[in-house]
Amino acid sequence: MTEARKVPLLNVANILTMARMALVPVFLLSLFAAGGFDTTWRLIAFGIFAVASFTDHIDGTLARKHGLITDFGKIADPIADKALTGSALVGLSILDVLPWWITIVIAVREVGVTLLRFWVIRYGVIPASRGGKAKTLLQVIAIGLFLLPQNDVIAIIAWVIMAAALILTIVTGIDYVIRAFKLKARAGRAVA
Ligand SMILES: O=P(O)(O)OC[C@H](O)CO
């Protein structure tokens, strides 16, 4: 595996990625505090989720701006996103806010893409695509809206965005499968 540039592994972008992972248990504790439906705790959970999600934006921006892109970051950043969104989806399904089938469809895609990345890692890294980034953004917005105390307007917007996120989740998942097979085939041709 080759580094895009010789940069220290422990740089600010990677530290932010790891901080996002570390916030997952804190987020879950606040989501389930006081039974899961206490308005104050739900707002705290929303705040922690929002801060953690924002680190995704900052670490990517810093990595690009200051040349802090590492193979570790390319792999760890999507995993940190999946840990955060996955735990939120499971939490919302446990609380009966979100149907389990939505959580399961997204979880299967996210775990599948992660396994796919490791499966082809000897040939190269599959970084997040624009579609993958847009998918994560839509998931984050929909989850954020479901975390808020609900009313009709919030619920309608949350469902519309979740539907778009689901479509993009599936479409980009298929796109990554195609990319993985192309990467593997290219590596095979290079060896032959
Ligand atoms: O769709 P993925 O697996 O590439 O994930 C995208 C990342 O969450 C973007 O930061």
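Note that the numbering runs from 1 along the sequence shown for the chain. One-based numbering, in listed order, for ligands and for the atoms of each. Since the structure is predicted, the reported quantities are computational estimates derived from the model, not experimental observations.
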Side chain to side chain donor-acceptor pair (under 3.5 Å) between Asp81 and Thr136, intermediate numbers included: CA-CA 8 Å; Asp81 295 348; Thr136 301; 4.5 Å; no
CA sep, side-chain torsions, deciding dist, call: Trp41, Phe32, ring-ring contact (aromatic ring centres under 6.0 Å, His included): CA-CA 8 Å; Trp41 278 107; Phe32 285 103; over 10 Å; no
Contacts of [X] that satisfy side-chain contact (heavy atoms from CB on, under 4.5 Å) - sequence neighbours left out:
{"X": "Thr169", "answer": "Ile106, Arg109, Glu110, Lys135, Gln139"}
{"X": "Trp100", "answer": "Val90, Ser93, Ile94, Thr103, Ile104"}
{"X": "Ile174", "answer": "Ile170, Ile178"}

Between Asn14 and Thr70: side-chain donor-acceptor atoms closer than 3.5 Å: yes
For ligand 1, the residues whose heavy atoms come within less than 4.0 Å (ordered by chain, then number): Asp56, Asp77, Pro78, Asp81, Lys82, Arg109, Val113, Arg117, Ala128, Gly132, Lys133, Lys135, Thr136, Tyr176
